[in-house]
Structures are given as C-alpha cells and as structure tokens.
Amino acid sequence: MTRLASATLDRLPANARVHAYDRAQPCGVVHLGTGAFHRAHQAAYFDRLLAHGHSGWMIRGASLRSPGVADQMNPQDGLFTVLVREGGNERMEVVGSIAEVLVARHDPAALVRALADPDVALVTLTVTEKGYCLDPATGDLKLDDPAVAADIADLSAPATAPGFLVAGLAARWKAGGEPFTVLSCDNLPENGQRTKAAVLAFAREIDADLADWIAQMVAFPSSMVDRIVPATTQEDIDNFESATGLRDEALVKTEPFTQWVVEDSFCNRRPPLEDVGVQLTDDVAAWEMAKLRLLNGAHSAIAYLGGLAGHRYVHQAIAAPGFDRLINRLWDEAQATLSPIEGFDPAAYRAQLGERFANGALGHLTHQIAMDGSQKIPQRWLNTIRAYRTFGLGIPAALTMAVAGWMHWQSGSGDNGISHKVDDPLAEATANVLKEAGGDREAEVHNLLGMAAIFGKDLPLDPPFVQQLVQDYIQIAETSAASTVAAFSDPASAED
Ligand code: CS2
C-alpha cells in the first residue's frame with residue numbers, strides 16, 4: 001500500500017489537479033477542527049490563494065479531541081484529495097494548504113504555542129455547533145458545562161475551543177504582541193458575534209484586563225460557509241486506491257458548488273481571499289440567515305422525516321412522495337421571514353438547492369445531517385417559526401411537521417419500528433422526558449417542548465402552533481412518517 005504524500009504525488013493520474021507552490025512556508029492560519037468540511041472548503045480556498053502566489057498562508061490544523069484526522073493526514077505530509085462529484089463526472093484536486101495536524105488532547109501546549117506564534121494572523125474554526133459550548137436557545141456560554149468549568153479553573157491545558165482561543169490570545173497579550181482574527185466557519189447565526197461573546201465571557205472569568213484587551217483589539221468577523229461535504233466512506237478510499245494506486249486516508253468528497261461570505265473586519269493581516277472567489281462584505285448576517293433557514297432548514301427536515309421513513313440518502317428522500325411539496329412549502333415559510341439581500345435571488349437559490357440535493361453522486365446520509373439536532377434546530381427552524389408567527393403569517397405547516405419529525409427521531413425508532421442511534425449531546429435528556437410521558441403522545445410533545453435550552457420559553461406558550469405540532473406528531477405515530485409526508489398538502493395551495 002502506497003500512501004499519497006509529497007514523494008508520491010507524481011504517481012497521480014494526469015487529470016488530477018495539483019497546485020504547484022512551495023509548501024515550506026510559514027503558517028499564517030491555525031484552524032480548529034480539521035474535519036472533512038474544513039478540508040473541502042476553507043483549505044481548498046487557501047490552496048488556491050497560495051497557488052496565486054500569496055505566501056504565508058499555510059494552515060496548521062488541529063483536532064481538539066480525536067487523533068483520527070492527524071493519523072490520516074500527517075503521514076501524507078498534510079496532503080489530501082478533494083473529489084468533486086456531480087452526476088457521472090468526477091474531478092480530482094489535491095490540496096496542499098495544510099502543513100500538519102496537531103492533536104490538542106495529546107498535546108494542548110503545542111496548540112497554545114501554535115496560536116501564540118506571531119506569524120499566525122488568523123484562527124479559523126469548524127468545531128460544530130456544540131463546540132462553542134453555548135446554550136443553543138440563548139447563545140450564552142455555558143459556564144456550568146464541566147469542560148468549560150475545568151478550563152476556567154486551569155487554563156494551562158485547555159480542552160474546549162473557547163479555552164484554546166482565550167489561552168492563545170492571553171499568550172499574545174502577555175507577550176505584548178498583536179492579536180489574531182478569530183473567524184468562525186460554523187453554521188451558527190452571527191457566528192462571529194457568538195464566538196466573541198463566548199470568548200469574552202470566558203476571558204472575564206480569567207482576567208478582566210485580558211477581557212478588555214480582547215474586547216478592544218480582537219476582530220471576530222462572521223462568515224457564511226457553504227459546501228455539501230458528506231462523510232467519506234471506506235469504499236470511497238478503496239475506490240480511489242484502485243483507480244490511482246495510491247491510498248488517501250484523508251480523502252474528501254464534495255459537490256462543485258462552494259461559497260464563502262466573510263465579514264470584512266480583521267484585526268491583523270487579512271488574506272486576500274477576494275482573489276479566490278470569497279465574497280467580502282460588511283454584512284454577513286442576512287446571508288447566514290438565508291443559508292441557515294433555506295439550505296440547512298430543508299436539510300434537517302429531510303434528515304428527520306426522510307430518516308424516519310427509512311431513506312438512507314438525501315437524494316432518495318427528496319424523490320419520495322410529498323417531499324417536494326413539503327420542502328417547497330418550508331422554503332416559502334423561510335423566505336417569508338428573510339429580508340432582501342443585494343445579489344441574492346431566492347427563486348434561483350431554491351432551484352439550485354433542489355439540484356444540489358438531487359446530486360446522487362454524493363451519497364449524503366440523512367443520518368449524518370440528523371446528528372446534533374438539539375444544537376441545530378433553533379437556528380434552522382425555531383427562529384423561523386418565531387418570525388413567521390410574529391409577522392402574523394399563520395402556522396408554518398412544513399416547519400411544524402419538521403419539528404414533529406425531530407421529536408419522533410428522538411425516540412430512536414422510525415417507521416416500521418426500525419431503530420436508529422440518536423447522536424446528540426441532549427439524547428439522554430430527550431429520552432428521559434419522552435419516558436416520563438408514560439406513552440401519552442400529547443405529553444411527549446409537551447415534555448420535549450418544555451426543554452428551554454432548545455425551544456426557549458416562548459414556543460410552548462403558542463397554542464395554535466402547539467396544537468398543530470401535536471396533531472402532526474400523532475399522525476406520524478399512528479401512521480408513519482412516509483405516509484404523513486406523502487399526504488402533506490401546502491395550506492397555501494389548498495386555499496386557492
Ligand atoms: C448539513 C450541513 O450536516 C448538516 O447539518 O446541513 O453540513 C450542510 O451540508 C452544509 O452546511 C452545507 O453548506
């Protein structure tokens with residue numbers, strides 16, 4: 001078995017694109033969370049930036065917990081392939097922008113040193129929604145989270161993302177150096193603001209002067225990131241090896257589409273990302289909201305209702321009876337809550353999303369998207385429902401059915417009693433409140449709605465919404481998710 005690496009690059013087929021640039025140059029970026037999404041998205045943009053001759057922007061990656069990614073990438077000199085797939089077409093692009101991957105759990109001090117390195121002007125993050133240690137409903141740092149509390153008590157060997165950011169910034173501050181920009185690339189609304197709030201809340205517990213310095217000196221731009229990156233399978237890696245003769249354990253597969261909208265607010269050197277297709281703007285919030293509510297909102301509805309109905313992949317679920325009506329209605333509901341954005345055409349965006357979801361060459365698992373729902377649905381659905389209700393638009397029928405789908409998902413059992421794993425930090429809590437309902441379906445809905453960390457205090461107090469939710473939930477339980485979606489009719493078209 002020969003691994004993809006610097007020494008074996010020349011064995012790749014002639015159609016593989018490899019950008020030629022000197023990789024022995026300083027890392028200007030530290031990235032926290034070097035998973036598949038980062039590799040197919042930000043790392044690919046930095047690869048092009050380096051190929052454009054903008055030096056000093058190599059990335060030092062870090063995994064906070066698992067050594068898996070470092071084991072995949074370090075023996076390959078940080079190199080990996082991005083397979084870009086659509087229909088029967090596949091492009092191979094080798095990305096060289098990641099110099100190495102650190103494992104923070106094994107050597108937290110090495111990551112703090114990397115953050116303290118004055119060459120580093122930018123710290124980017126894809127640590128998933130839960131990695132910010134925020135209360136999903138309020139967005140406040142969970143100071144009572146055991147990992148956060150442990151980092152605050154002893155910051156010499158942090159474990160959490162806010163802990164590392166504060167430890168890195170503290171090292172800069174003590175050295176009298178310049179701070180780095182902190183750029184969140186996770187699917188959270190106003191992700192820059194949220195990261196800033198989390199870092200400041202954390203720093204205040206450590207040292208008020210440090211917190212003041214961070215508040216004044218550090219930029220936390222928001223960003224909207226978009227590229228569908230399904231988890232790589234062993235089969236993908238084996239097929240690549242059969243086709244090329246090289247084994248790439250860090251391979252990622254994705255779609256041709258990619259988008260990155262970044263708030264132009266940096267406190268240190270800014271990489272000229274506009275040269276490689278990144279949109280730099282003063283206002284990212286509207287872009288983030290549109291993407292979260294339209295793309296991710298639809299994704300999660302497909303994941304729970306499609307997953308319950310036994311659909312393995314997104315492209316299969318959306319082809320099943322009723323899903324097109326449901327998703328279109330969900331998009332109508334989301335769109336009604338968005339303000340216009342210059343250069344953004346919702347109708348064209350929706351049509352393009354339909355095509356992206358139908359890309360069967362990706363093999364995007366519904367169960368992958370279903371992960372961590374408690375952390376995702378507030379920004380993907382619940383804020384939309386709130387806005388829809390506040391604007392007096394009636395009941396958002398599709399979003400309400402999606403919530404009913406998520407509630408069923410939490411039971412761990414789908415149509416025909418087929419069981420699945422509920423992969424969510426609140427899985428135990430949701431299982432407990434379901435159990436407490438003693439089999440009474442209405443009580444199950446009320447108990448889940450009572451979880452303020454997800455639903456806030458307001459949604460359970462909205463009787464028309466709750467009534468519809470109970471009705472949908474019972475329909476799914478008494479029939480099936482598949483037949484409930486198949487019978488879905490858009491209330492707007494019913495009125496015509
Ligand atoms: C997905 C996202 O897994 C999920 O929750 O909705 O990862 C989605 O594929 C990306 O946000 C697309 O940009």
Side-chain angles (χ1 to χ4, degrees), residues 3-6 9 12 16-19 21 23 27-51 57-85 90-104 111 114 122-128 131 161 183-187 223 225-234 236-237 239-241 244 246-260 262 271 273 276-278 362-365 368:
R3 291 285 284 271
L4 172 77
S6 309
L9 264 182
L12 280 170
R17 196 192 68 189
V18 184
H19 279 140
Y21 52 86
R23 298 182 66 230
C27 288
V29 185
V30 168
H31 182 81
L32 306 187
T34 320
F37 181 72
H38 168 68
R39 282 176 270 155
H41 190 271
Q42 302 99 58
Y45 281 101
F46 277 91
D47 186 55
R48 261 173 275 152
L49 192 73
L50 292 157
W57 292 112
M58 288 289 290
I59 302 168
R60 179 160 288 120
S63 295
L64 293 189
R65 278 183 294 275
S66 149
V69 174
D71 292 345
Q72 291 159 1
M73 296 193 59
N74 292 339
Q76 302 186 175
D77 305 315
L79 294 171
F80 62 96
T81 314
V82 179
L83 292 181
V84 183
R85 288 186 181 161
E90 183 175 276
R91 239 175 33 229
M92 245 182 236
E93 301 175 358
V94 175
V95 170
S97 54
I98 301 184
E100 63 166 340
V101 178
L102 308 173
V103 184
L111 177 53
L122 176 64
V123 176
T124 52
L125 294 94
T126 50
V127 292
T128 80
L183 178 58
S184 165
C185 302
D186 279 292
N187 286 317
S223 84
V225 292
D226 189 6
R227 197 169 206 188
I228 294 175
V229 188
T232 308
T233 63
Q234 271 314 310
D236 294 321
I237 295 173
N239 290 344
F240 181 84
E241 188 176 5
T244 64
L246 291 177
R247 192 150 183 92
D248 180 356
E249 297 283 355
L251 178 96
V252 290
K253 60 177 176 183
T254 188
E255 58 176 344
F257 183 93
T258 183
Q259 189 178 21
W260 197 3
V262 177
L273 291 166
V276 291
V278 175
L362 289 180
H364 198 184
L365 293 171
Q368 183 186 341

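Starting from 1, each residue takes its place in the sequence as its number.
- When all heavy atoms of Arg3 and Gln76 are compared, the pair lying nearest together is NE-OE1, 3.0 Å.
- Interatomic distance, His31 NE2 to Leu125 CG, rounded to the nearest 0.5 Å: 7.0 Å.
- Tyr21 and His19 have tilted rings, their planes meeting at an angle from 30° to 60° on a 0 to 90° scale.
- Side-chain N or O atoms of Arg39 include none that pairs as donor or acceptor with a backbone N or O of Val252 at under 3.5 Å.
- Scanning both residues, Leu9 and Leu4, for their nearest heavy atoms gives CD2-CD1, 4.1 Å.
- How far OG1 of Thr258 is from OH of Tyr45: 3.0 Å, rounded to the nearest 0.5 Å.
- Contact annotation: the side chain of Phe46 approaches that of Leu122 to within less than 4.5 Å [non-hydrogen atoms, C-beta and beyond].
- Here the CG atom belonging to Leu251 is positioned 9.5 Å from the CG atom belonging to Asn239, to the nearest 0.5 angstrom.
- Residue Phe37 holds its CZ atom at 6.5 Å from CG of Asn187, rounded to the nearest 0.5 Å.
- No donor-acceptor pair under 3.5 Å is formed between the side chain of Lys253 and the backbone N or O of Pro230.
- Rounding to the nearest 0.5 Å gives a distance of 5.0 Å between CD1 of Ile237 and CD of Glu249.
- Closest approach of Val229 to Gln368, counting heavy atoms only: O-NE2, 3.5 Å.
- At distances below 3.5 Å, at least one donor-acceptor pair connects side-chain atoms of Glu255 with backbone N or O atoms of Ile228.
- Val278 places none of its side-chain heavy atoms less than 4.5 Å from the side chain of Arg48.
- When every heavy atom of Met58 is checked against every heavy atom of Arg23, the shortest pair comes out as CE-O, 3.7 Å.
- To the nearest 0.5 Å, atoms NE2 (His38) and CD1 (Ile98) are separated by 4.0 Å.
- Pairing each heavy atom of Asp77 with each of Ala5, the nearest pair is OD2-CB, 3.5 Å.
- Although no hydrogens or angles enter the test, the distance criterion places no donor-acceptor pair under 3.5 Å between the side chain of Ser63 and the main chain of Val103.
- Taking a cutoff of 4.0 Å between a charged side-chain nitrogen and a carboxylate oxygen, Glu100 and Arg60 qualify as a salt bridge.
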So Leu32 and Leu111, side-chain contact (heavy atoms from CB on, under 4.5 Å) or not? Walk me through it. CA-CA 9 Å; Leu32 306 187; Leu111 177 53; 3.9 Å; yes
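- Relative orientation of the His41 and Trp260 rings is perpendicular, given thresholds of 30° and 60° on the angle between their planes.
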Could you walk me through whether Asp248 and Met92 pass side-chain contact (heavy atoms from CB on, under 4.5 Å), step by step? CA-CA 12 Å; Asp248 180 356; Met92 245 182 236; over 6 Å; no
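- Heavy atoms only, all atoms of each residue included: Val82 and Thr254 are closest at CG1-CG2, 3.6 Å.
- When atom types are taken as modelled, the side chain of Asp236 and the backbone of Thr233 share a donor-acceptor pair closer than 3.5 angstrom.
- Panel note: side chain Ser97, backbone Ala43; a donor-acceptor pair is recorded below 3.5 Å.
- With hydrogens and angles disregarded, no donor-acceptor distance shorter than 3.5 Å links the side chain of Thr126 to the backbone of Cys185.
- Although no hydrogens or angles enter the test, the distance criterion places no donor-acceptor pair under 3.5 Å between the side chain of Thr81 and the main chain of Leu83.
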